[in-house]
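Just so we're on the same page: letters track the sequence lines, and every chain starts at 1.
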Amino acid sequence: MADSMKGLKRTHYCGDVTEAGQEVVVGGFVDRIRNKGGVIFIVLRDRTGIVQLLFNDKSNPEIFEKASSCHSEYVLMAKGKVVERESKNYKIKTGLVEIFVDDLRILAKAQTPPFEIVSDSNVNEELRLKYRFLDLRREPLQRNIIMRHEIAKVTREYFYENGFIEIETPMMMKSTPEGARDYLIPSRVHQGKFYALPQSPQIYKQLLMIAGYDRYIQLARCFRDEDLRADRQPEFTQIDLEMSFVDAEDIQECVEGFVQRVFKEIMNVDIPTPLPRLTFADAMNRYGSDKPDTRFGFEIQNISETVKDIDFVVFRNALDDGGSVRAINVKNGAGTYTRKEIDKLIEHAKGIGAKGLAYIRWADEPNCSFKKFLKDGELENICNAVNAEKGDLVLICADKDKTVLSTLGAIRLICGKRLDVIPEDKYNFLWITEMPFFEYDDENNTWVAAHHPFTMPMEECIEYLDTDPENVRAKAWDLVLNGTELSSGSMRITDFELQQRMFEALGMTDEEIQAKFGFLVDAYRYAAPPHGGMGIGLDRLAMIMCKADSLRDVTAFPKVQNASELMSECPSPVDDESLAVLGIKVDVKEK
RNA sequence: GGCCUGGUAGUUCAGUUGGUUAGAACGCUGCCCUGUCACGGCAGAGGUCGAGAGUUCGAGUCUCUUCCAGGUCGCCA
């Protein structure tokens, strides 16, 4: 039977016990035990830090006996006097003192944990996720989770101070099949009908503008039934906001103020504003990405002109098919990469869709993979075009523009990481503007909306809506931080007739429109102020600010790649009775 | 759905060309130790080598299938 804490009341967190002379009561988990025979040291841990408890067999044999029966992760409460240590530990905050215990309670005994609860654990993540409640006891995870809380707190303060009202929108809403797959919730009362969990509160926040709430904010949970990535969970939190009587610049200015505030307050990092801006087209051409990491160089250069006369079939074909030949010059000694390392890059490029990569490896002399097709001076011309010098590796891709850019963009990132040229303490925010309005759907050979269908086109593009979809740009923008898409925003269409034209351009019939968003279209008939907004990924922001590699490190109970949760083992089957009530028959597809 | 990486004591890993009883460190258990702080010393327990099949006199090691986890492409209006 465990002890009770009767008669004891915690006076201090472990990490706060720094002054000798006082009587304190602390509670926590046993972090470590050092039993020297006649004296025992127990290191007690709570969310604030650790403190050393001291036990001596001469002064109190009974308590000493109890202390020697303790093991890792037991939950203890201890009362005692804070004294100066005989030999001090200057490495930790509480290292100058210790608690000479005169009352010890073992409040709960612990089984031996499946892995050690230590800061620098490199235990298999699968196991840690199965015992997430133990993993969450570890200091790095506690620090991340608490930091995320601080970020959320500053977020609310900033937006509240700027006149935003926090309004909760429904978690059970109408399913809209566009975009990401919805998580569906069956209705018991309306058998055969379903709610959906929100992919975002998009529609509701627009309705709130129509309703006159003017500035709305919500730390909104969002759900998308799509495959996971290190920076993508099926369930995530957005700092969701919408503003009335504003244009794009006003919203961006407001968000700039926010990132400035949160970085200053949480990390004491100054973010200069206004943040740099890059058009989508420029981002693609220079970095091969709509979310470029601008903390390092190796930018993409178009060398189509330089190589147009070279008699190399790979370049020839690409140019004849209306594509291009582009290159990145990887510096910082990549010219000494081995053949094997380069082959690995080429393999990766093939995985992205390129047919291969040509290269110039300049260790001592420029060594070119397509040397035999070159005439005198042509190699020099290419090297000059990309400013190559000794020690560089020039990687060249020839194909359709889209393939060339995405390939070189991805290879650029890999090389940057491998050569360790990305400064860790730099925070490069970047607005990506003038996003394309339509995207070509290769599967169905149609143009589809790149954003939700209420996104405003840029005024000067409206005339091309029906004739030249490729050149229509949206009043939509992304906020990128160090190569991660943090946030996405746009102005919304408030003009009823323009909205009708948009739906037509997207090939939607009146019936479809009515069935899917009839209520929203109707709402706009009752007049809406000009408005727009953004959704900022709180998880991703926290991930970057915590210097974590995965959202799992800033999410208390994350899901794994197949969207299940290893601790509770959800999703899980339900019994037939529960299904019958919902009118659902399960027909599982064989693999 | 495609591609890549990984799976050996509780944990992290090693394991040679296929060859005797599968090793180390940490953790765990017991004993010793009055100033440790990643305490130390002595002793000990602990293995379905992810699972299944195949090749072989013999498989942790080779082949195939499969499961699990991670990364990535597709996907994410």
* Report yes if a side-chain nitrogen or oxygen of A/Asn562 is closer than 4.0 Å to either non-bridging phosphate oxygen (OP1 or OP2) of B/A69; otherwise report no. => yes

* Just checking A/Leu127: base, sugar-phosphate only, or nothing, at a heavy-atom cut-off of under 4.0 Å? -> sugar-phosphate

* Structure fact -> Looking only at B/C33, B/G35, B/G70, the nucleotide nearest the A/Ser87 side chain is B/G35

* To do: Would you state whether a donor and an acceptor, one from the side chain of A/Glu86 and one from the base of B/U36, lie under 3.5 Å apart?
  => no

Can you list, pair by pair, the side-chain donor-acceptor contacts under 3.5 Å of residues 414-421 of chain A, counting residues two or more places apart and other chains?
none

Could you list the protein-to-nucleotides 23-26 of chain B atom pairs, N/O on both sides, closer than 3.5 Å?
| unit_1 | atom_1 | unit_2 | atom_2 | d |
| --- | --- | --- | --- | --- |
| B/C26 | O2' | A/Glu116 | OE2 | 2.8 |

* Can you list the residues that meet the side chain to side chain donor-acceptor pair (under 3.5 Å) rule with A/Ser68, with sequence neighbours excluded? -> none

* Structure fact -> Taken to the nearest whole Å, CG/A/Leu566 to P/B/C68 is 11 Å

* Structure fact -> Here the ring-ring contact (aromatic ring centres under 6.0 Å, His included) pairs for residues 33-75 of chain A, sequence neighbours left out, are A/His71-A/Tyr74

* Structure fact -> Given protein heavy atoms under 4.0 Å, the one-letter contact record of nucleotides 71-77 of chain B, with B base, S sugar-phosphate only and - none, is simply BBBBBBB

* Structure fact -> Applied to residues 53-67 of chain A, the side-chain hydrogen bond (donor to acceptor under 3.5 Å, both in side chains) test, sequence neighbours excluded, yields A/Asp3-A/Lys66

* Got a sec, which residues hit salt bridge (Lys or Arg N to Asp or Glu O under 4.0 Å) with A/Arg47, two or more places apart in sequence or on another chain? -> none

* To do: Name all residues meeting the salt bridge (Lys or Arg N to Asp or Glu O under 4.0 Å) criterion together with A/Lys88; count only those two or more places apart in sequence or in a different chain, and write none if there are none.
  => A/Glu84

* Asked: Can you list the residues that meet the salt bridge (Lys or Arg N to Asp or Glu O under 4.0 Å) rule with A/Arg181, with sequence neighbours excluded?
  -> A/Glu226

* Quick one: which residue pairs count as a side-chain hydrogen bond (donor to acceptor under 3.5 Å, both in side chains) with a foot in residues 397-416 of chain A, not counting sequence neighbours? => A/Ser324-A/Asp401, A/Arg326-A/Asp401, A/Lys355-A/Asp399

* Flag yes if more than 12 heavy atoms outside A/Glu512 fall under 6.0 Å of its CD atom; otherwise flag no. => yes

* Complement of B/C57, any strand, by Watson-Crick or G-U distances under 3.5 angstrom -> B/G19

* Qualifying residues under salt bridge (Lys or Arg N to Asp or Glu O under 4.0 Å), relative to A/Asp31, sequence neighbours excluded -> A/Arg45

* Structure fact -> Contact check, residues 54-67 of chain A vs RNA chain B, heavy-atom distance under 4.0 Å, returns A/Leu54, A/Asn56, A/Asp57, A/Lys58

* For B/C4, does OP1 or OP2 lie under 4.0 Å from any side-chain N or O of A/Lys350? -> no

* Integer-rounded Å distance: B/U11 C1' and A/Asp120 CG -> 13 Å

* **A/Arg34 vs B/C39: side-chain N/O to OP1/OP2 distance below 4.0 Å** => yes

